K.L.:
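Before I ask anything, here is the structure I am working with.
Just so it is clear: chains get the letters A, B, ... in the order the sequence lines come, proteins before strands, and each one is counted from 1. Fair warning: this is a prediction, and the values are worked out from it, not measured in the lab.
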There are 2 protein chains.
Amino acid sequence: MRQNKYLTIYKELTDRIKSGEVKPGEVLPSENDLTIQFDTSRETIRKALNLLSQNGFIQKIKGKGSVVIDVQKMSFPISGLVSFKEVSKNLQMESVITRVHDFGLIKPDDFLTQQLDATSSDEVWKVTRSREINGVNIILDKDYFLKKYVPTLTKEICEGSIYEFLENQLNLNISFAKKEIVVEDCTDEDRKHLDLEGFSHIVVVKNYVYLENTSLFQYTESRHRLDKFRFIDFARRSV
Amino acid sequence: MRQNKYLTIYKELTDRIKSGEVKPGEVLPSENDLTIQFDTSRETIRKALNLLSQNGFIQKIKGKGSVVIDVQKMSFPISGLVSFKEVSKNLQMESVITRVHDFGLIKPDDFLTQQLDATSSDEVWKVTRSREINGVNIILDKDYFLKKYVPTLTKEICEGSIYEFLENQLNLNISFAKKEIVVEDCTDEDRKHLDLEGFSHIVVVKNYVYLENTSLFQYTESRHRLDKFRFIDFARRSV
DNA sequence: AAGTGGTCTAGACCACATC
DNA sequence: ATGTGGTCTAGACCACTTG
């Protein structure tokens, strides 16, 4: 099976960039060169290069080549579909403690019914967790999963990575999400679980997560203390 | 010249979705059908469909088809490379007044030199503008452009759309940007130009904008009153 | 079995940048 | 004139979904 050749090429090229084998400002080999190097067709090479471009590794310039973008200045994009576990991989050397405060099956109220496109007969997993980073509680995650898509869930799983469980154990294919960032007044729940140090407002990231079959299966509110919040995005000019 | 056939197809298909000709949950015609409809090859159709997918219009499902995503729930993504003018197109029926408070050429200080990758010999256009929306001053935009890429600029241009000027008059090709969102303490400048109503913090969107040739030419800080800030993003699972 | 999207190929012509 | 990326074609085989 000769599948996903373009993904293999994508990974190889990102490795070359990350390792510094090709430095920012320099160009990758031409598409024709790459077809020879990887023994493939040009369209397959272009598929891999387009991925590099979309993810901010290169800028393609007509007549010149694929210029490597300075990733230093880019820092680590926290965009895309990220779970907290993925974000925390970037928080190297920082100690993170996850605490589960609330876990169980509930009947959705009006708000949740609307957020999750649910019906009154649906059941919903509710999980409330706080994240202590370097000794300070700064993030409160409130997750809601539709039970019809997530039949089983335990408190133990919630103490680790829910996404790992959903993808590897339940084989759910998470496909896309809508993210909304706003600032709200702190709630009593925020004050109870977080070290707010007098902040009266909190950054709220609302996430609507969809499966491959376009069904909405999760709504999440990730509530961050103002001074610890940071969102980074790489964006290309849209058509 | 038969160029950009796939863009034409993309626009035609988005029109069909926006007009409600194809409704959320329904599928587009199959790729083979579309090749016939548009008298083209399948790869060209797929190029158009991939654009639709990236921009959150459809979800492609193997064996089934291209399902239209509910754009209602998606609202208007403010992601991508947007200037204020583009954002304000979505603020229909709302009155917007732009005021230029500061305009001129400056020598970059240490902070700007670092943000713009500039040298001490570079000159920088500095533009400070406030946005009054529905009678309230809620956004303060601080723009910095490297003069070597933007030779001319006037206060009058800044009262309208700088981006329109850059793209249509100067023919600058804006290509990609890095966006960073954080919350900071309000400055005296914020208090001077905005109606802060006692808010002590402010949402700051920092934008590093790059040209097609990968040179950084603009740094912008867009400072939004907490309660009026909203950021929406559509994200696909990254590889 | 038939239809769908996912991947891949080997060619072609074009517009752009460089020498 | 040469090399680069951008677009387009006509075909092929595969994996998946549905009848």
K.L.:
Could I get the full list of side-chain contact (heavy atoms from CB on, under 4.5 Å) partners for Asn50(B), not counting sequence neighbours?
P.N.:
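So Asn50(B) forms a side-chain contact (heavy atoms from CB on, under 4.5 Å) with Gln54(B), Lys60(B).
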
K.L.:
Considering only NZ, NE, NH1 and NH2 on the basic side and carboxylate oxygens on the acidic side, decide whether Lys142(A) and Asp102(A) come within less than 4.0 Å.
P.N.:
no

K.L.:
Which nucleotide sits closest to the side chain of Ser66(A): dA10(C), dG5(D), dG5(C)?
P.N.:
dG5(D)

K.L.:
Without decimals, in angstroms, what is the distance between Glu212(B) CD and dG5(D) C1'?
P.N.:
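For the pair Glu212(B) CD and dG5(D) C1', the rounded distance is 11 Å.
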
K.L.:
Under the salt bridge (charged side-chain N to carboxylate O under 4.0 Å, His left out) test, which residues partner Lys64(A), sequence neighbours left out?
P.N.:
none

K.L.:
Going by ring pair (Phe, Tyr, Trp, His ring centres under 6.0 Å), name the residues that satisfy it together with Phe103(B), two or more places apart in sequence or in a different chain.
P.N.:
Trp125(B)

K.L.:
Please state whether the phosphate of dT9(C), meaning OP1 or OP2, lies under 4.0 angstrom from any side-chain nitrogen or oxygen of Thr40(A).
P.N.:
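Thr40(A) to dT9(C) OP1/OP2: side-chain N or O found under 4.0 Å.
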
K.L.:
Would you kindly give the NZ-to-P distance between Lys5(B) and dC13(C), to the nearest whole Å?
P.N.:
16 Å

K.L.:
Could you give the CG-to-C1' distance, from Asn50(A) to dG6(C), as a whole number of Å?
P.N.:
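The answer, rounded to whole Å, is 16 Å.
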
K.L.:
When you get a sec, tell me which of dC13(C), dT9(D), dG6(C) is the closest nucleotide to the side chain of Thr44(B)?
P.N.:
dT9(D)

K.L.:
Distance check: side-chain N/O of Asn4(B) vs OP1/OP2 of dT7(D), anything under 4.0 Å?
P.N.:
yes

K.L.:
What pairs of nitrogen or oxygen atoms, one from the protein and one from nucleotides 16-19 of chain D, lie under 3.5 Å apart?
P.N.:
unit_1, atom_1, unit_2, atom_2, d
dT18(D), OP1, Lys64(B), NZ, 3.4

K.L.:
Think Tyr6(B) has a side-chain N or O under 4.0 angstrom from the OP1 or OP2 of dT7(D)?
P.N.:
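So the side-chain polar atoms of Tyr6(B) do come within 4.0 Å of the phosphate oxygens OP1 or OP2 of dT7(D), strictly under.
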
K.L.:
Taking only residues two or more places apart in sequence or in another chain, which ones pass side-chain contact (heavy atoms from CB on, under 4.5 Å) with Asn173(A)?
P.N.:
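So Asn173(A) forms a side-chain contact (heavy atoms from CB on, under 4.5 Å) with Glu212(A).
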
K.L.:
Can you tell me which nucleotide in dC13(D), dC13(C), dC8(C) comes closest to the side chain of Arg42(A)?
P.N.:
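The answer is dC13(C), which lies nearest to the side chain.
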
K.L.:
Ser19(B): which residues meet the side-chain contact (heavy atoms from CB on, under 4.5 Å) condition with it, sequence neighbours left out?
P.N.:
Glu21(B)

K.L.:
Looking at residues at least two apart in the chain, or sitting in another chain, which of them share a ring pair (Phe, Tyr, Trp, His ring centres under 6.0 Å) with Phe38(A)?
P.N.:
none

K.L.:
Without decimals, in angstroms, what is the distance between Ile9(A) CD1 and dT9(C) C1'?
P.N.:
13 Å

K.L.:
When the distance from CD of Gln59(B) to C1' of dT4(C) is rounded to whole Å, what number comes out?
P.N.:
14 Å

K.L.:
Got a sec? Which of residues 27-37 of chain B come in under 4.0 Å of DNA chain C, heavy atoms?
P.N.:
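Ser30(B), Glu31(B) - these, ordered by number, are the residues of the stretch whose heavy atoms sit under 4.0 Å from the strand.
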
K.L.:
Which residues pass the side-chain contact (heavy atoms from CB on, under 4.5 Å) test with Ser222(B), sequence neighbours left out?
P.N.:
Ile139(B), Asp141(B), Val205(B), His224(B)

K.L.:
Is the phosphate of dT4(D), meaning OP1 or OP2, less than 4.0 Å from a side-chain N or O of Lys60(A)?
P.N.:
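Answer no for this pair, as no side-chain N or O of Lys60(A) is under 4.0 Å from OP1 or OP2.
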
K.L.:
What do the steps show when you test Lys178(A) against Asp233(B) for salt bridge (Lys or Arg N to Asp or Glu O under 4.0 Å), and what is the final call?
P.N.:
CA-CA 6 Å; Lys178(A) 177 193 149 195; Asp233(B) 195 26; over 6 Å; no

